[in-house]
Amino acid sequence: MPAVFILCDANNFYASCERVFDAALTGRPVVVLSNNDGCVVARSNEAKALGIGMGVPLFRVRHIVEAHGVRVFSSNYALYADMSQRIMTVLSEFTPEFEVYSIDEAFLRVSVPTAGTLADLGREIQARVYRHTGVPLSVGIAETKTLAKLANHLAKKSDKARGVLDLTRSPHQDYALECTPVREVWGVGPKYARLLKSRGVENARQLRDVELGWARRALTVVGARVVQELRGVSCLPIETCPPPRKSLTHSRSFGRRVESLAGLREAVASFTVRVAEKLRRHGLAAGALTVFAATSRFSKDEPYYANSATVEMAYPTDATPELLERATVCAERVYRAGCRFKSAGVLLTGLVPASPTTIRMYGDERWQRARRLARAVDEINERFGRGTLRYGIVAAPAAGWGTKFEKRSPRYTTNWDEMVGIA
DNA sequence: TCTGGGGTCCTAGGACCC
DNA sequence: TCTGGGGTCCTAGGACCC
């Protein structure tokens, strides 16, 4: 028998991370909020049981939170990213065919063990990750990535499975697929689900059995691939090394509305600095920069306004000063007087590897200076903390539009001053 | 009052070329 | 009256993912 796919997925990842460092949260409902403390993006099982939905704005469920003493946290990405790395390190010990799929998920590809069962292996993975990190994991095992996803999904829902489900050669595969609404299949979103439902395709078993050509026409090659994968024909390989980035973004909604051009310029400048740091960390240079900004989509008393502006670089660059110059121009083009901006962002595209040996035909010396400056600022900020050195155009942290994180837990694992056991 | 952020891929249609 | 055909590249918009 050939190799199989294993999908490992942390349960309620952000909420579980909060729990690892605060035993008092065990057994209690916990939710974690999106940036700006806007929406619920992670829920413990107890919070789910109270009917708190994924992605709902906090103000809509405030009554539940208050009535049941739900513990609410702002998101703490420094903590989650670090916990994620620890989990991935443990998982990577099981096989070289290993793909980090998201912050809380990884695919493994293994050949069937000669001793023991695949389910045993799943339990071993689960136990080792828990021992090393304290984060509970669900494990789905099957012949394709899509089926492994589905198995994982069922493993989470079923008490009997205790978080591990092996769907390979399972006599219950048809039944498992029948229990899965088509909307829950990986690759089927709300639009496709509606379309499928209108044709009488309501569960994964029915989707598996549709005519392939029809799937191709109705759902594009993506849909046809999903059907094949449900049939056990693997179309999606393990990607052991991440493909190069095609774009990088930094965007935020504001804690308070921005109405002035100066305010927008400052916010855009600070986003540019952040996205440029990311760019250099990836060893890339950008060929174009886009600034976008918008008012609130939900406001009833003002018209919705959203706009974007793009500039192309004469030469790809990774130097913050150059990017700031373009971003400022774009911010001015996007700005509209009288609008109360709620969010903005900076997008870098046309990414190419940044070669340290590239020389420009014109203005090379000035450019090399700008690059050296950017790298020096990176190093200082990395050593002494973000914001130690700031570009003049970037506002001080307390500028008002800054994102809200009013309920953030300590950065237990990445900041000496906030480490566990230090008050 | 209060509604996240960061990505990828696919398709259709237009521009352009020979 | 009759208005080629094939190829490439780019972009915007849509759909999906976590």
Side-chain angles (χ1 to χ4, degrees), chain A residues 7-10 12-14 31-42 53-63 65 72-77 80-81 84 99-107 145-146 149 152-153 182-196 215-226 235-236 239 242-257 271 274-275 278-279 282 287-288 290 292 294-302 304 306 308 310 312 340 342-351 403-407:
Chain A
L7 175 64
C8 303
D9 186 333
N12 318 326
F13 181 53
Y14 298 171
V31 300
V32 180
L33 305 177
S34 63
N35 272 319
N36 225 15
D37 293 345
C39 300
V40 172
V41 294
M54 179 65 178
V56 292
L58 177 63
F59 69 87
R60 289 246 171 87
V61 289
R62 188 141 263 154
H63 59 287
V65 167
V72 178
F73 292 88
S74 302
S75 45
N76 185 344
Y77 288 108
Y80 311 147
S84 171
E99 172 185 345
V100 177
Y101 177 68
S102 75
I103 193 163
D104 70 337
E105 279 171 85
F107 284 104
K145 280 185 165 181
T146 304
K149 271 277 206 186
N152 187 290
H153 204 78
V182 88
R183 175 64 189 90
E184 283 165 27
V185 174
W186 192 40
V188 177
K191 273 271 163 59
Y192 287 175
R194 226 175 306 141
L195 191 152
L196 288 167
R216 171 68 184 77
R217 286 189 301 278
L219 311 174
T220 82
V221 295
V222 180
R225 212 150 48 202
V226 170
C235 308
L236 304 167
E239 312 239 5
R245 286 257 180 228
K246 300 189 168 169
S247 70
L248 286 169
T249 312
H250 188 86
S251 71
R252 284 289 176 275
S253 48
F254 302 134
R256 200 171 346 130
R257 301 301 191 96
F271 299 163
R274 298 298 307 281
V275 77
K278 277 189 222 172
L279 185 67
H282 283 91
T290 300
F292 50 92
T295 60
S296 170
R297 287 196 312 280
F298 303 99
S299 175
K300 290 192 191 74
D301 10 276
E302 55 192 325
Y304 178 58
S308 73
T310 302
E312 311 236 335
R340 302 168 60 237
K342 179 63 188 163
S343 64
V346 177
L347 164 72
L348 300 179
T349 50
L351 305 186
T403 308
K404 274 191 281 186
F405 292 99
E406 289 174 355
K407 304 160 167 70

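In what follows, every chain begins at residue 1, and chains take the letters A, B, ... in the order their sequences are listed.
Positionally, the nearest nucleotide of DNA chain B for M54(A) lies more toward the 5' end than for the other of M54(A) and H282(A). Comparing V222(A) and S296(A), the nucleotide of DNA chain B nearest to each residue sits closer to the 5' end for S296(A).
Of the side-chain N and O atoms in T220(A), none sit less than 4.0 angstrom from OP1 or OP2 of dA15(C). For dC17(C), neither phosphate oxygen OP1 nor OP2 lies less than 4.0 angstrom from any side-chain nitrogen or oxygen of S102(A). Within the 4.0 Å cut-off from OP1 or OP2 of dT3(B), at least one side-chain nitrogen or oxygen of K342(A) is found. Taking side-chain N and O atoms only, R216(A) has a distance below 4.0 Å to OP1 or OP2 of dT11(B). For R252(A), a side-chain nitrogen or oxygen approaches OP1 or OP2 of dG6(B) to under 4.0 Å. Put simply, T249(A) has a side-chain N or O that comes within less than 4.0 Å of OP1 or OP2 on dG7(B).
Residue V56(A) is out of contact with every strand shown, counting any heavy-atom pair closer than 4.0 Å. As judged by a 4.0 angstrom heavy-atom cut-off over every strand, L248(A) is placed among residues touching the sugar-phosphate backbone only. Residue contacts for S247(A): at a heavy-atom cut-off of 4.0 Å it reaches the sugar-phosphate backbone alone, with no base atom in range. K404(A) comes within 4.0 angstrom of no nucleic acid atom, judged by non-hydrogen atoms across all strands. Contacts of P190(A) with the nucleic acid, taken as non-hydrogen atoms under 4.0 Å apart, involve only primed sugar atoms and P, OP1 or OP2. Across all strands, D37(A) comes closer than 4.0 Å to no nucleic acid atom at all (heavy-atom distances). Contacts of R225(A) with the nucleic acid, taken as non-hydrogen atoms under 4.0 Å apart, involve only primed sugar atoms and P, OP1 or OP2. V100(A) comes within 4.0 angstrom of no nucleic acid atom, judged by non-hydrogen atoms across all strands.
Between the side chains of S343(A) and S253(A), no donor N or O sits under 3.5 Å from an acceptor N or O. In the model, S74(A) has a side-chain atom that pairs as donor or acceptor with a side-chain atom of D37(A) under 3.5 Å.
Side-chain proximity of N35(A) to the nucleotides dG5(B), dG6(B), dT11(B) is greatest for dG5(B).
Searching all strands for a Watson-Crick or G-U wobble partner of dG5(C) with both distances below 3.5 Å returns dC18(B).
Note: CG (L7(A)) to P (dC18(C)) measures 9 Å, nearest angstrom. Distance F271(A) CZ to dG4(B) C1': 12 Å, rounded to the nearest Å. With rounding to whole Å, L236(A) atom CG is found 16 Å from dC16(C) atom P. Between the P atom of dG4(B) and the CG atom of L58(A) lies a distance of 12 Å, rounded to the nearest Å. Taking atom CD on E312(A) and atom P on dC10(C), their separation rounds to 10 Å, with Å as the unit. Rounded to whole angstrom, the span from the CZ atom of R274(A) across to the P atom of dG4(B) amounts to 19 Å. Between F292(A) atom CZ and dG13(C) atom C1' the separation is 16 Å, expressed in whole Å.
Evaluation of atom-type donor-acceptor distances gives a pair under 3.5 Å for the side chain of R60(A) against the base of dT3(B).
Under 4.0 Å is where a charged nitrogen must lie from a carboxylate oxygen, and between K145(A) and E99(A) at least one such pair does. Between R257(A) and E302(A) there is a salt bridge, since a side-chain N of the basic residue sits under 4.0 Å from a carboxylate O of the acidic one.
Aromatic rings of F107(A) and W186(A) (six-membered ring for Trp) have centroids within the 6.0 Å cut-off, being under it.
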Exercise for review: Would you check, one step at a time, whether the test side-chain contact (heavy atoms from CB on, under 4.5 Å) holds for N35(A) with F405(A)?
Suggested key: CA-CA 7 Å; N35(A) 272 319; F405(A) 292 99; 3.0 Å; yes
